Amino acid sequence: MSYLTVNNATKQFGESFMALNGVSIAVERGEFFTLLGPSGCGKTTLLRAIAGFNDLTSGEITLAGSNLRAVPPHQRDIGMVFQDYAVFPHLSVFDNVAFGLKPRKVSAADIKARVIPALDSVRLGDMAQRLPAAMSGGQQQRIGLARAMVINPRLLLMDEPLSNLDAKLRIELREEIRDMQQQIDIATIYVTHDQEEALAISDRICVMNSGRIEQVGTPQQIYGDPQTRFVAEFVGTLNTFQPGPALDALLGQLGLSAPPDASWAVRPERLVLAAAGSPNEGAAALNGTVTKYTYLGREAHVQVETPVGSLVVQVANPGMAATRQAGEAVSVLVPRDAPMAFGADGARIGG
Amino acid sequence: MSYLTVNNATKQFGESFMALNGVSIAVERGEFFTLLGPSGCGKTTLLRAIAGFNDLTSGEITLAGSNLRAVPPHQRDIGMVFQDYAVFPHLSVFDNVAFGLKPRKVSAADIKARVIPALDSVRLGDMAQRLPAAMSGGQQQRIGLARAMVINPRLLLMDEPLSNLDAKLRIELREEIRDMQQQIDIATIYVTHDQEEALAISDRICVMNSGRIEQVGTPQQIYGDPQTRFVAEFVGTLNTFQPGPALDALLGQLGLSAPPDASWAVRPERLVLAAAGSPNEGAAALNGTVTKYTYLGREAHVQVETPVGSLVVQVANPGMAATRQAGEAVSVLVPRDAPMAFGADGARIGG
Amino acid sequence: IAQEGSVVIYTAHKSSIVDTLLPIFEQETGLKAEVVKLGSGDIAKRVQAEAGAPAADVIWSISGSQLTELKDLLEPYTPPEFDKIDPQFIKDPSWTPYTAVVYVLAVNTDLQPLDTAPKTWAELADPKWSGQIASARADGSGSAMQQLQTVLTVFGDEGWDKYAEIAKNFVFTDSSGAVPRFVADGETSMGLTLEDNALEYVQGGAPISIVHLTDGTAATPDGVALVKGGPNPEGGKAFIDWAMSKSTQEKLAMDIGRRSVRVDVEGPAGTPNLADLTLVNVKPLSDFGGAEEVLAKWRTAIGE
Amino acid sequence: MTAMPRFNFWTVVMILTWVLLFVLLFIPVGSVLVSSFYDQSGNLTFGNYLKFLSEPRFHQAFVNTLVVGFGGLAGALLLGSIMAFCVSRFVIRGGKFVSLLAILALVSPPFIGAYSWIVLFGAGGVVRGFLRDLGISMPPIYGVGGILIVFSLKFYPYVYLMVSGALSNVNRSLEEAAEGLGLTPWQRTFKISFPMVFPALTAGGLLALIHAIADFGTPRLLGRGYNVLATEAFTLYSAEIGSNLSMATTISVVLILVSMVFVLLQRYMSRRNVYHGNMINKPVRMQLSGWRNVLAHVAVYFIGLCGAMPVIISVIYSFRKTSGPVFQDGFALQSYERILFNLGDVVRNSLTFSVAAVVLIVMVGTVVGVLVARRTNFNTALLDGAFMVPYVMPGIVIGIAFIAAFNTGPIVLTGTALIIILSIFIRRLPYTVRTTASSLRQISPSMEEAAVSLGYSPFQAFLRITVPLIVPGIIAGGMLSFVTAINELSSSLVLYVGSTMTMPVRIYLLILDGDFGTAAALSTILLLISGCAVYIAFRFMGRNEQALL
Ligand SMILES: Nc1ncnc2c1ncn2[C@@H]1O[C@H](COP(=O)(O)OP(=O)(O)OP(=O)(O)O)[C@@H](O)[C@H]1O
Ligand SMILES: Nc1ncnc2c1ncn2[C@@H]1O[C@H](COP(=O)(O)OP(=O)(O)OP(=O)(O)O)[C@@H](O)[C@H]1O
Ligand SMILES: [Mg+2]
Ligand SMILES: [Mg+2]
C-alpha cells in the first residue's frame with residue numbers, strides 16, 4: 001500500500017457544486033507529487049482535505065496505512081504552505097519559523113540551530129527579527145515555506161509556494177525543497193500553476209480538471225504522451241490542425257490515419273521552420289506566411305498561417321538576427337512522429 | 001516628454017532603509033512596460049507611489065505632462081491590480097467589477113454591457129453572482145484584474161496580476177491585457193516575477209535590484225544583450241566559466257580577450273551538446289561528463305562537468321530518447337559569439 | 001423653565017407622596033407644579049450649582065440642617081399661620097419647619113422577638129447584637145448623623161465611647177431608606193431608621209415592630225423654603241402657604257404617616273404621642289466641634 | 001494616505017471634532033476639575049491633594065480600588081472570552097438568545113442589580129435559604145469576594161461584545177497554519193487567535209476595568225465597609241452633612257488619572273498589534289459533539305443566565321404583589337398600575353433622548369473612528385487620546401460641568417432635552433469611536449485603496465467599502481451606546497427637570513423611596529425596550545449578524 005492514498009474523494013460545496021468529484025491518488029514515500037490544473041479545479045480543496053481543515057463529503061484518506069480522517073489536524077504532523085501565506089503577523093520572522101518546533105518539545109538551542117539554516121535556505125537569514133507586516137509579498141511567502149519545512153513533517157503540502165517569487169529564486173528554492181524532502185524521506189504534494197516548474201521538479205504529476213483527475217504520470221508521460229486533449233493543451237502549447245482537404249493531404253503524405261471524428265494536433269517545438277521551398281527529409285512541408293513573432297529569450301515563437309490553420313513554431317536559441325517579420329514566406333516542416341490524434345471525447349488515439 | 005515619467009524617485013521606510021533609491025523611468029503612451037526584479041526589490045513600492053497610496057520621500061512623477069503627486073489618488077484615474085487581490089468581500093463578482101464604473105456615471109445598462117464582457121474575458125462569466133468568499137485564489141485574482149481593466153483608465157498598474165494562474169490562462173489573459181491597452185491607447189506598468197512572461201509581453205522591461213534600476217530595454221536587449229551581470233543572471237540562466245588555465249585556453253582558442261579581473265559566462269541555449277570527441281566547426285569543444293538531466297517538456301537541461309566548471313546545456317525538443325544518463329561522456333561546443341565578459345563591478349565588457 | 005402660573009418645586013419627598021399631594025395643590029391654587037424629585041443631598045447640590053440663575057422656586061421637604069446650610073441661597077418667608085408651629089422646631093428664619101421626623105429602631109419580629117429586643121441605646125451597645133443592626137452611614141445620610149448626635153447628646157462625655165460600642169454592631173446600608181428594607185428582608189434583625197419609613201413597612205404587612213428608644217429619642221424638623229431669585233416667587237409663596245395649611249398637614253399625618261409640626265394636628269394613627277416619648281433636644285454639630293471633626297471622629301469610632 | 005496638506009474632507013472632520021471636544025468637554029469639565037485646587041472658601045490650594053496623600057483611609061480606598069478593578073477585569077475577561085469564543089466558534093443552540101442575554105445584562109438599572117444579588121445570596125437570600133434547608137451553608141455575598149463576582153458578571157458583556165466580533169474576522173488560514181504545525185486547538189487559541197483579537201480584548205477589558213473602578217453602587221451595597229475611591233468620592237459628594245465638593249472632586253481627579261493610566265497602557269499594549277484580515281477567509285463555526293458540546297453549552301448558558309440574573313429578578317419582582325413597599329406572596333400587576341399614569345412621558349423621553357444621542361453618536365463616532373484608525377498622524381493620535389477623556393470621566397462630573405457651563409453665558413441649555421442628549425452624546429461617543437476603530441484595524445487598507453484607484457474619493461471609498469465591512473462593528477457600538485444611553489443616569493440625574501425625566505431617573509428615585517416593586521416594573525419596561533432595540537439591530541444586520549453573534 002502506498003504511503004499516502006486518497007480514495008474516491010468527493011467534496012460538495014452548497015447544494016450541488018462538487019469541488020472534488022471522485023479523486024483517487026496514491027503517493028509513495030520520498031515521492032514529489034505535483035497537482036497541476038486550471039484555476040478553480042479543486043487543488044486547494046484537495047490539499048485542505050488532506051491537511052484536515054475541510055473534511056471530505058465522502059472518500060478515504062490514509063497515511064502510512066492509518067486512516068487520516070479520524071486524526072485531528074494538529075496530530076496529523078503534516079506541514080502545509082498556504083496559498084495566502086498565513087504568516088503570523090504578531091510574530092517575528094524567526095518566531096514564525098520556530099512556531100511549529102515548540103509543540104514538538106525542541107530545546108531552545110536546537111530551535112535556533114534549526115531555524116537559522118531554514119531561514120538561510122529561503123534567503124531570509126538577515127531578516128530574522130523583522131515583523132511580517134513590513135515585508136514584501138514574496139518575502140512573506142518564503143516565511144511560510146521555511147515554517148512548514150523546518151518541522152520535518154511526515155507529509156509536506158505546498159499550495160503554490162513559489163508563486164510570488166522570481167524564476168531565479170524559484171529554481172533555487174525548488175532545489176532546496178527537493179533536497180530536503182529526499183533527505184528526510186517524506187512525500188510532498190505540490191500545487192503549482194507553472195507547467196514548467198511541475199515538469200522540472202516532480203516525480204509524478206497529476207493533472208486535474210473540474211474536480212476530476214485527467215492523467216497521472218511522470219513529467220515525460222504527461223508532456224510527451226498526454227492521454228487526453230485537455231492534458232496536451234494544458235501542459236505546453238498545442239497547435240490544432242484545421243480539418244479539411246489540406247490536412248487530409250498532409251496526413252496522407254505522412255502516412256497517418258485516424259477515425260473521421262478525430263482531431264490532430266502538434267507541439268510547436270516539434271515543428272521546424274525552414275526557408276520557403278527548402279528541401280524536407282522525413283517530414284511533410286507546409287507553405288506559410290509569418291503573422292507574428294514572439295521573443296522569449298532562449299527561444300522564440302513564430303506564428304505561421306498555413307493551409308491547415310495558424311501554427312505556432314518554436315525556434316530554439318534565437319539570436320537578434322533570427323527575428324522574422326510578419327508577411328515573410330516560410331516553410332513549416334512536420335516530422336512524421338509529431339502529430340497526435342484525439343477522439344471526440346478528448347481521449348488520445350494511438351500515441 | 002513621455003506619457004508617464006518618474007524622476008529620481010526615492011522612498012525611505014523607517015530610519016534608513018531605502019526601498020527606492022533614485023529610480024527614473026519614462027513610459028510612452030501605448031507602451032507595455034514591465035518591472036522585473038527579485039522579491040523585495042521595490043516593485044510594489046514604486047507602483048503604489050504612482051497610484052498615490054504611498055507618497056515618495058523625494059522625486060517627481062508626471063502623467064501626460066502634469067504633476068501627478070499633486071493629484072489626490074482618486075482623481076488620478078489609474079487602474080490598479082493589487083498583489084493581494086483586494087477584492088471587496090461584501091460585493092458579488094459582478095458588483096466588484098461594476099464598482100469602478102459608478103463614479104464614472106455610467107448608466108446601469110452600460111454597466112452591464114461593459115461588465116459582462118470583462119468577466120468573460122477573465123473567464124468568470126458564469127460566476128457573476130457569487131461572493132468572493134467562495135472562490136479560489138486564482139478566481140479572486142481575476143476579479144481584481146477585470147475590475148481594473150473595465151474602467152478604461154489612463155494608466156494601468158498591475159502587481160503580479162497573474163501569479164496564481166496556470167500558464168494557459170496566463171497566456172490568454174496577457175493577450176487580453178495587451179489587446180485592451182492597445183485599443184484604448186494607454187500605458188501599462190506590469191510587475192511580474194516571471195521572466196519568460198516579461199519577455200513575451202513587454203515592449204520594454206525595467207530590471208530592478210535593491211531599489212535601483214539595473215537596465216531598461218526591449219526584451220531582446222535585456223535577454224540578448226544584458227548590460228550587467230545581475231541582469232544576465234536574473235533574466236534567464238547563466239553558466240559562469242571557472243577562471244583558470246582551462247578557461248584561458250578556451251578563450252585563446254576562440255580568440256577572445258578581456259581584462260584579467262573580468263569573468264566570463266554563457267547562456268545554456270548557446271551551448272551545443274555533441275557526442276564525445278565529435279568534430280566542431282567554428283566553435284571550441286570542451287570534454288565533459290553529464291551529472292544531471294532535467295526534463296522541461298519542450299526542452300531539457302543537461303548539467304555537464306567540464307574543465308571550466310559545471311555547465312548547463314539546453315537541449316531543444318527532447319524526445320524520450322534524448323535522455324542523458326549521469327556519467328555519460330559528452331562534448332560541449334562553445335560558439336565564438338556565445339561567451340559574455342563582465343567586469344569586477346558587474347558591468348558588461350564589450351558586448 | 002417656569003411658565004406663567006407654574007411653580008418649580010425641588011423635593012425629596014417620595015414619589016408616592018408627591019403624586020398624592022400635588023394634584024390637590026394644583027386644584028386648590030390653580031397653579032401648575034413642575035417637580036424635580038431628587039435625594040435631599042442632590043437637591044442641595046443642584047441649588048448650589050444653579051446659584052447663578054436659579055431654576056427652582058421652592059425647596060420642599062429636605063432636612064432643616066441642610067436648609068440652614070443653604071440659607072444664603074434662600075429667601076426668608078413667614079407664612080400666615082406661622083404661630084401654629086411648635087416652636088421647638090423653629091431653627092432659622094430662612095426656612096419654615098414642615099414636618100417632624102422621629103428616629104426609631106425597627107425590629108424584625110421573625111428574627112428577634114420584641115420582648116427580648118433592645119429598648120435603649122445602652123442595650124444596643126451589647127456585643128451580642130454584632131452584625132444585627134442596620135444603619136446608614138453618618139457621612140452619607142443626614143438621619144444617621146442625627147442618630148449619632150442623639151447618642152452624643154444623651155451620653156455626654158462618654159458619647160463617643162458608647163457610639164463606638166454600638167457601631168461595632170452596625171451593618172451599613174447605602175441609604176437610610178434601605179434600612180427598613182434590610183430589616184424586612186431579614187438581612188439584619190433590626191435597624192435604625194425614620195419612623196415614617198418604618199411605618200410604611202408595618203402597614204405593608206412586613207414583620208416589623210417599631211421601638212422608640214427610651215433613653216433618648218430625637219425628633220427633628222424638615223422644612224420648606226423659598227429660593228432666592230427663583231423665577232416665580234409668588235407661586236413659591238403660595239406653595240408654602242398651602243403646604244403649611246391645616247388641611248395639608250392633616251392629610252400628611254393621616255394618609256401618609258408624617259408627624260405635623262403644627263400644634264393643632266394629631267400624630268399619625270398607631271404612633272405614640274410626642275409627649276409620651278423621651279425626647280432629647282439634640283445638640284447641633286457645632287457643639288461637638290463642627291461637621292468635619294465629628295465625621296473624622298465618627299470614622300475612628302466605626303473603625304475606618 | 002498622502003502627506004500632502006490638503007484641505008479635504010478629513011481635515012474638516014478633524015477640525016470639527018476638536019471644536020466639539022472643546023465645547024462639550026474640555027471647557028466645561030476643565031472648569032469643574034480645577035475646583036479641586038480650591039478649598040471650601042475659594043482659596044487656591046494643594047491641600048486636597050496633600051490630604052489625599054496623607055490620609056490612610058484614602059490609601060486603603062486606593063488599594064481597594066485597584067483590587068476590585070483588576071479583580072473585576074480578570075473576571076470579565078475570563079467570562080467574556082469564554083463566551084465569545086464558544087459563541088463565535090462553536091455551533092451553540094440558541095446562541096442568539098445567549099447573546100441577547102449578555103447584552104441585556106448591561107441593562108441592569110442602578111442599585112436594582114446589586115439588590116437582586118442580595119435577594120438571592122444575602123444573609124436572608126433565597127438561594128442561601130434554599131441551600132440551608134438542604135444542609136449546605138454558604139457565606140453571604142457581602143465583602144470583596146461578592147463585589148468581584150458581581151463585577152465579573154456585570155462587566156463581562158463588554159469583553160464579550162468586542163471579542164466575539166473580532167474572533168469571527170480572524171483569517172482562517174492563520175489558525176489552520178498553527179494547527180497544521182501541531183498545536184492543539186487549545187494552544188492555537190492562545191497563541192494565535194487571542195493575539196489576533198488582542199486589540200479588541202484589551203478594548204473590552206478596558207471598558208470593564210474603567211467601569212469597575214468607577215462603580216460605587218455595588219461596593220456600597222455589598223462591600224460592608226470595603227471602601228473604594230468611588231464610594232469615598234460619592235460619600236464626600238452626596239453627604240447630606242459635611243459634604244466636601246472640592247475633596248470629592250479631588251478624588252474624582254485621582255480616579256480619572258488612574259483610569260487614564262490604564263487607557264494609555266491599553267493603547268500602548270495594542271499599539272503594535274494591528275492585523276489586517278482580508279474578510280474573505282473567515283472562520284466557520286464547528287459542530288462539537290459529546291462532552292465538549294455539553295461543556296460549551298453549559299458554560300455559555302451559565303454565564304449568560306448568571307449575568308442576566310439581576311434582570312431576571314427584577315422582572316420577577318415586578319410582578320409580585322406588594323403592599324406599600326413590602327412584597328407579599330403571590331403575583332399581581334399592581335406595580336405596573338402605579339407607574340401607568342405618567343409612563344408615557346418618561347418612556348418617550350428616554351426613547352427620544354437615547355435615539356437622538358445614538359444617531360449623533362453613530363454618525364460622528366464612525367467618521368471619527370475612521371479618522372483615528374486610518375489617517376494616522378500626530379494629530380489623530382492626539383485626538384484618539386482626547387477621546388479617552390469622556391471614557392474615564394464620571395457621569396456626575398459631566399452633569400455638573402454641563403449645568404455650570406450652560407446655565408448662563410452664551411449658550412443656555414439647562415432644562416432642555418438638548419442638554420441631556422448632548423451629555424449622553426459626549427459620554428458615549430468614545431464607544432463607537434473605539435469599536436469602529438478596532439473593527440477597522442482588522443480590515444486591510446488595500447481594499448479602500450482599490451476603491452480609491454477606481455475613482456472614489458476617500459470619503460466615498462470609506463462609505464462604499466469600509467462602512468459595509470464594519471457595519472457589524474458600528475452596530476455593536478451603536479447598540480452598546482443605545483443600551484447604555486437609555487440606562488444613563490448619573491449625568492441626567494443632575495440635568496433633568498420635571499418635563500425631561502427619563503426612565504432610569506425615575507427608577508433611581510423610586511429606589512431611593514424604597515419602592516422596589518414599582519422600580520422593578522419600570523425596569524422591566526426599560527428592559528423590554530432595550531431588548532426590542534437589540535433585536536431590531538440583529539434583524540437589521542442581515543447576513544452580517546454572524547460577525548456580532
Ligand atoms: N512598511 C514597510 N516598512 C519597512 N519596510 C518595508 C515596508 N514595506 C516594504 N518594505 C520593504 O521594502 C522592500 C521593497 O518592498 P516591495 O513590497 O516594494 O517589494 P517587491 O519588489 O514588491 O517584492 P515582491 O516581489 O516580493 O512582492 C522590501 O525589502 C520590504 O521588506
Ligand atoms: N467555501 C466554498 N463554497 C463554495 N465553493 C467554493 C468554496 N471554496 C471553494 N469553492 C469553489 O471550489 C472550486 C475549487 O476551489 P479551489 O480553491 O480548490 O481551487 P484551486 O484549484 O485551488 O484554484 P486556484 O489555482 O485558483 O487557487 C472553485 O471553483 C471555487 O470557486
Ligand atoms: Mg488554490
Ligand atoms: Mg510586491
Side-chain angles (χ1 to χ4, degrees), chain A residues 13 44 47-55 71-92 95-106 131-134 137 140-141 143-159 161, chain D residues 89 91 166-167 169-202 269-290 292 376 441-447 543:
Chain A
F13 283 119
T44 301
L47 284 202
R48 286 169 52 85
I50 297 173
F53 304 132
N54 227 340
D55 203 24
V71 182
H74 68 279
Q75 287 167 6
R76 295 193 181 185
D77 195 18
I78 292 178
M80 173 141 179
V81 182
F82 287 77
Q83 192 168 11
D84 64 354
Y85 321 158
V87 170
F88 305 132
H90 61 304
L91 299 179
S92 70
D95 291 339
N96 256 284
V97 177
F99 195 83
L101 294 175
K102 303 216 172 109
R104 290 180 169 70
K105 310 246 178 311
V106 179
L131 279 181
Q140 293 187 30
Q141 196 166 42
I143 301 173
L145 189 62
R147 187 176 66 185
M149 299 205 316
V150 82
I151 60 171
N152 294 347
R154 296 198 292 167
L155 184 63
L156 201 50
L157 306 178
M158 311 193 144
D159 200 351
Chain D
R89 288 304 165 76
V91 178
L167 265 179
N169 277 343
V170 173
N171 183 349
R172 186 175 64 194
S173 300
L174 293 181
E175 298 186 344
E176 290 174 351
E179 255 182 69
L181 291 170
L183 274 79
T184 60
W186 187 246
Q187 292 171 314
R188 175 207 77 196
T189 303
F190 279 93
K191 294 206 162 159
I192 300 298
S193 312
F194 275 109
M196 291 304 124
V197 300
F198 189 73
L201 191 74
T202 53
M269 286 195 302
S270 54
R271 156 196 54 122
R272 242 176 61 171
N273 307 51
V274 178
Y275 314 120
H276 304 307
N278 59 5
M279 308 290 288
I280 288 182
N281 224 355
K282 291 185 179 183
V284 284
R285 287 205 194 123
M286 213 163 84
Q287 172 71 57
L288 292 178
S289 59
R292 292 167 210 271
T376 358
R441 295 205 163 103
Q442 289 209 327
I443 299 174
S444 161
S446 69
M447 248 142 0
R543 70 169 187 238

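Since the structure is predicted, the reported quantities are computational estimates derived from the model, not experimental observations. Chain letters run A, B, ... following the sequence lines, proteins first and then strands; every chain starts at 1.
At a 4.5 Å heavy-atom cutoff, A:V81 makes no contact with chain D through either its backbone or its side chain. Interface residue A:I78: only backbone heavy atoms are found under 4.5 Å from chain D. The part of A:R104 that comes within reach of chain D is its side chain, from C-beta onward, which places non-hydrogen atoms under 4.5 angstrom from that chain. Only the side chain of A:F82 has a heavy atom closer than 4.5 Å to any heavy atom of chain D.
Residues satisfying the side-chain hydrogen bond (donor to acceptor under 3.5 Å, both in side chains) test with A:T44, not counting sequence neighbours, are A:Q83, A:D159. Checked against side-chain contact (heavy atoms from CB on, under 4.5 Å), D:A178 has the following partners two or more places apart in sequence or in another chain: A:F88, A:F99, D:R188, D:I192.
Side chains of A:L91 and D:P195 form no contact here, defined as non-hydrogen atoms less than 4.5 Å apart. In this structure, the side chains of A:H74 and D:P185 come closer than 4.5 Å at one or more pairs of heavy atoms.
Here the OG-CZ distance, from D:S173 to A:F53, works out to 9.0 Å after rounding to the nearest 0.5 Å. Within the model, atoms CD of A:Q75 and CG of D:L183 stand 12.0 Å from one another, a figure rounded to the nearest 0.5 Å. Atoms CD and CG, on D:E176 and A:D84 in that order, are 9.0 Å from each other to the nearest 0.5 Å.
Residues D:L174 and A:V87 come closest through the heavy atom pair CD2-O, 3.1 Å. Counting all heavy atoms, side chain and backbone alike, D:G180 lies closest to A:I151 at O-CD1, 4.5 Å. In terms of heavy atoms, A:H90 sits closest to D:K191 at NE2-O, 3.0 Å.
A:R76 has no carboxylate O lying under 4.0 Å from a charged side-chain N of D:E179, or vice versa, which leaves the two without a salt bridge.
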